[in-house]
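See structure below.
These values consider heavy atoms only, across backbone and side chains, with no hydrogens, waters or symmetry-generated copies. Keep in mind it's a predicted model, so treat the numbers as computed, not measured.
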Amino acid sequence: MRCQNCGADILEDKIYCEKCGTAIQMVPDYNPQDDIAIGKEEKEEKSDDEENKEPKKNVVWYRFRYQIVGVCLLLMGGWFFHSVYKSMQVEETVAEPEEPILLTKPTFNVAPGEYNYAPMLSISHPEKNRGLIYYTMDGTTPGEHSRVFQSPIEIQEGKTIIRAIFIRSDGTQSEEAVGTYEVTFDYPAEPEFDIPGGEYSKGLYVTITAEEDCNVYYTTNGEEPDTQSYLYRGRIYIPTGLTVLQAVAVDEDGGMSAITEAIYNVSENFTTENAPLDNVEENMVGIP
């Protein structure tokens with residue numbers, strides 16, 4: 001121990017300095033600054049401990065902790081609702097049947113429309129070698145039980161609705177082709193006889209006239225004439241007895257007129273011997 005006054009060493013068993021005689025102070029003097037420093041250190045240590053135990057009240061996230069929790073809950077609710085909505089959409093999509101894939105529709109070689117003759121209609125499809133073409137002519141929907149197209153169809157006079165589909169061998173069906181055809185024949189006028197039917201006392205010759213570019217077909221046995229009957233080439237001789245003469249005119253497009261008919265009753269007392277010999281061969285042509 002040293003003397004606080006002179007700094008000389010003081011023996012342990014002495015209570016005063018032998019050099020300068022200053023008494024040794026056993027209790028140090030009170031210094032208030034030391035207490036302040038000690039209190040400050042204790043306070044700082046306590047603050048550090050409190051910081052480690054709970055967050056400071058002035059931290060931003062702590063001050064707005066309830067708002068942050070609310071936003072998080074709102075976001076979670078939105079995500080949950082979106083997930084449920086998407087799953088419902090997926091279920092609805094799976095439940096709806098898929099629309100079948102259709103092949104291209106068949107095609108007609110004659111365009112739908114109005115005609116004054118009977119067109120010949122053919123139906124085709126790009127994959128015709130891999131299936132069959134079915135069609136109807138009465139406007140009904142075609143199917144596997146309808147008529148199968150194999151050869152051209154003659155469209156008759158009047159209104160005809162053609163509906164056709166193609167069905168491939170694997171069952172795949174095409175779109176439907178529809179065509180409406182209105183055929184109105186431009187008929188030629190009826191042929192005319194220069195001598196009307198009636199009672200006659202001797203044989204006679206009948207001349208038939210018709211429109212230009214028309215052929216005339218006739219019969220003398222009462223049957224209705226057509227293109228397979230006798231073709232008129234010159235005057236027709238009506239012999240003794242009863243003769244039913246009928247004739248029809250046919251134009252270049254196949255249009256056929258109405259039938260002209262005349263009944264001739266020639267008395268039996270007149271024979272072909274009384275007919276002019278220079279005209280008999282000409283007028284006998286075509287007598288059935």
Side-chain angles (χ1 to χ4, degrees), residues 93-191 210-219 221-232 244 246-261 286 288:
T93 303
V94 172
E96 293 179 356
E98 296 183 359
E99 294 184 359
I101 299 175
L102 299 179
L103 302 174
T104 57
K105 64 179 67 174
T107 56
F108 302 146
N109 69 321
V110 179
E114 298 180 358
Y115 296 89
N116 58 4
Y117 63 92
M120 299 298 292
L121 177 67
S122 292
I123 310 173
S124 61
H125 191 272
E127 300 185 46
K128 61 181 180 180
N129 295 329
R130 301 178 60 190
L132 296 173
I133 296 174
Y134 299 87
Y135 72 96
T136 60
M137 300 180 65
D138 56 0
T140 58
T141 302
E144 293 182 348
H145 300 291
S146 303
R147 285 181 284 187
V148 177
F149 176 78
Q150 295 177 327
S151 60
I153 307 164
E154 184 177 7
I155 307 299
Q156 300 297 328
E157 186 177 17
K159 183 177 180 180
T160 303
I161 300 176
I162 303 291
R163 300 176 68 177
I165 61 171
F166 171 77
I167 300 179
R168 203 163 56 189
S169 56
D170 62 1
T172 305
Q173 183 173 313
S174 73
E175 295 182 32
E176 183 180 85
V178 181
T180 301
Y181 299 85
E182 293 191 18
V183 177
T184 304
F185 293 144
D186 186 11
Y187 296 108
E190 298 176 8
E211 291 182 2
E212 189 178 358
D213 298 328
C214 285
N215 289 324
V216 175
Y217 298 88
Y218 72 95
T219 60
N221 59 1
E223 294 182 359
E224 291 187 357
D226 55 25
T227 55
Q228 303 300 316
S229 303
Y230 288 103
L231 176 64
Y232 177 79
V244 179
Q246 297 186 78
V248 66
V250 180
D251 61 20
E252 294 178 336
D253 296 325
M256 187 176 293
S257 72
I259 296 174
T260 301
E261 179 183 277

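- Scanning all heavy atoms of the two residues, the minimum distance from A258 to P191 falls at O-CD, 3.9 Å.
- Atom CD of E223 is separated from atom CD of Q228 by 12.5 Å, given to the nearest 0.5 angstrom.
- Shown here for I123 and P106, the closest heavy-atom pair between the two residues is CG2-CB, 3.8 Å.
- Scanning for salt bridge (charged side-chain N to carboxylate O under 4.0 Å, His left out) contacts around R130 gives E127, with sequence neighbours left out.
- The side-chain heavy atoms of V148 and I133, taken from C-beta on, include no pair separated by under 4.5 Å.
- Formation of a donor-acceptor pair under 3.5 Å by the E176 side chain with backbone atoms of A164 is not found in this model.
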- Task: Check the pair I161 / M137 against side chain to side chain contact (heavy atoms under 4.5 Å, CB included), numbers first and verdict last.
- Result: CA-CA 5 Å; I161 300 176; M137 300 180 65; over 6 Å; no
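- Residue Q156 comes nearest to V183 through the heavy atom pair O-CB, 3.5 Å, listed as atom of the first residue, atom of the second, then distance.
- Contact annotation: the side chain of H125 never approaches that of T107 to less than 4.5 Å [non-hydrogen atoms, C-beta and beyond].
- Separating the CG atom in D213 from the CG atom in D251 is a distance of 9.0 Å, to the nearest 0.5 Å.
- Counting heavy atoms from C-beta outward, F108 and L121 have side chains that approach closer than 4.5 Å.
- Contact between V248 and S257 at its shortest, heavy atoms only, is CG2-O, 3.2 Å.
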- Query: Checking side chain to side chain contact (heavy atoms under 4.5 Å, CB included) for the pair V216/L231: CA distance, chi angles, key distance, verdict?
  - Reply: CA-CA 6 Å; V216 175; L231 176 64; 5.9 Å; no
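- In this structure, E224 CD and E261 CD are separated by 9.0 Å, a value rounded to the nearest 0.5 Å.
- In this structure, the separation between CG on N129 and CZ on R168 is 13.0 Å, given to the nearest 0.5 Å.
- Residues T136 and S146 bring no donor and acceptor atom of their side chains to less than 3.5 Å of each other.
- The nearest pair of heavy atoms linking A249 to A210 is CB-CB, 4.1 Å.
- Atom OH of residue Y217 and atom CE of residue M256 lie 8.5 Å apart, to the nearest 0.5 angstrom.
- How far OG1 of T260 is from CD of Q246: 9.5 Å, rounded to the nearest 0.5 Å.
- For the side-chain contact (heavy atoms from CB on, under 4.5 Å) with I162, the qualifying choice from V178, I155, D138 is I155, the only one to do so.
- Proximity of V110 to Y115: side-chain heavy atoms (C-beta onward) are separated by under 4.5 Å at one or more points.
- Remark: the backbone N or O of F166 is paired with a side-chain donor or acceptor of S174 at under 3.5 angstrom.
- The side-chain heavy atoms of P142 and Y135, taken from C-beta on, include no pair separated by under 4.5 Å.
- For the pair N109 and S122, the tightest heavy-atom approach, listed with the atom from each and the gap, is OD1-N, 2.6 Å.
- Proximity of T141 to R163: side-chain heavy atoms (C-beta onward) are separated by under 4.5 Å at one or more points.
- In this structure the side chain of K159 reaches within 4.5 angstrom of the side chain of T180, judged on heavy atoms.
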- Task: Kindly indicate, with the supporting measurements, whether the criterion side chain to side chain contact (heavy atoms under 4.5 Å, CB included) is fulfilled by E175 and L103.
- Result: CA-CA 6 Å; E175 295 182 32; L103 302 174; over 6 Å; no
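- For the pair T219/Y230, no side-chain contact is recorded, criterion being any heavy-atom separation below 4.5 Å from C-beta on.
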